Amino acid sequence: AVVSTQSTGYDDSLEWCPLERNMVLTIEPGCYFNDVLLDPALQDKDQGKFMVKSEIARYRGLGGVRIEEVFVVTEGGCEVISDLPRTADEVEAFMSNPPPSDIPFLDTY
């Protein structure tokens with residue numbers, strides 16, 4: 001095995017630091033339909049009992065979805081600072097009238 005001695009830039013000492021005012025963080029829940037992981041899970045008696053094969057079959061090949069929220073820690077808790085559609089109706093409305101394609105950052109995604 002080859003072990004890299006180069007730093008990844010990840011500081012694991014910050015993994016469990018207390019949150020402080022003005023810190024910004026993301027929460028990134030996701031759901032992915034990855035055949036390499038799904039097939040063995042469906043075959044496993046412990047994992048498979050929690051999976052509905054017919055529903056999973058409907059979504060295979062779509063990839064997945066991840067919805068990110070960006071928060072800033074405040075004196076009394078936190079505030080969501082991302083401004084993205086969240087509900088099905090909001091996403092449908094956005095997709096029916098997307099922003100102009102000449103916005104530079106949209107070309108990178």
Side-chain angles (χ1 to χ4, degrees):
V2 176
V3 177
S4 173
T5 57
Q6 293 181 329
S7 171
T8 62
Y10 177 74
D11 184 351
D12 62 359
S13 69
L14 297 176
E15 192 168 316
W16 297 105
C17 69
L19 297 178
E20 297 177 8
R21 186 170 172 254
N22 294 327
M23 285 182 165
V24 175
L25 57 138
T26 62
I27 298 176
E28 305 173 6
C31 183
Y32 301 94
F33 298 92
N34 180 322
D35 291 337
V36 172
L37 299 175
L38 283 173
D39 292 335
L42 286 165
Q43 299 294 324
D44 183 274
K45 67 179 180 87
D46 293 323
Q47 293 177 1
K49 67 185 175 187
F50 297 106
M51 304 170 83
V52 180
K53 292 179 184 181
S54 60
E55 288 300 309
I56 290 170
R58 291 178 56 197
Y59 298 102
R60 282 189 186 248
L62 294 179
V65 63
R66 181 176 71 203
I67 300 175
E68 299 181 10
E69 287 281 18
V70 181
F71 295 84
V72 63
V73 178
T74 64
E75 193 67 39
C78 66
E79 177 184 342
V80 177
I81 60 174
S82 49
D83 182 23
L84 300 169
R86 294 287 176 237
T87 67
D89 289 340
E90 290 171 344
V91 171
E92 292 293 333
F94 177 83
M95 294 305 293
S96 68
N97 189 23
S101 61
D102 62 344
I103 298 175
F105 75 86
L106 290 180
D107 294 337
T108 62
Y109 295 100

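Given the structure is predicted, the values throughout are model-derived calculations rather than measurements.
Partners of Pro85 according to the side-chain contact (heavy atoms from CB on, under 4.5 Å) rule, which considers only residues two or more places apart in sequence or in another chain, are Glu90, Val91, Phe94. Every side-chain contact (heavy atoms from CB on, under 4.5 Å) that Glu28 has, sequence neighbours left out, goes to Thr26, Arg66, Glu68. Remark: Val52 pairs with Ser54, Glu55 by the side-chain contact (heavy atoms from CB on, under 4.5 Å) rule, at least two apart or across chains. With sequence neighbours left out, Glu79 forms a salt bridge (charged side-chain N to carboxylate O under 4.0 Å, His left out) with no residue at all.
Between atom CG of residue Leu19 and atom SG of residue Cys78 there is a gap of 9.0 Å, rounded to the nearest 0.5 Å. Within the model, atoms CD of Glu69 and CG of Asp83 stand 10.0 Å from one another, a figure rounded to the nearest 0.5 Å.
Within the structure, side chain to side chain donor-acceptor pair (under 3.5 Å) contacts touching residues 29-40 (residues at least two apart or in different chains) are Asp35-Arg60, Asp39-Arg60.
Among all heavy-atom pairs drawn from Met23 and Pro18, the shortest one is CE-O, 3.7 Å.
Through chains of ILVMFWY side-chain contacts below 4.5 Å, Leu42 is grouped with Phe33, Leu38, Met51, Ile56, Tyr59, Leu62.
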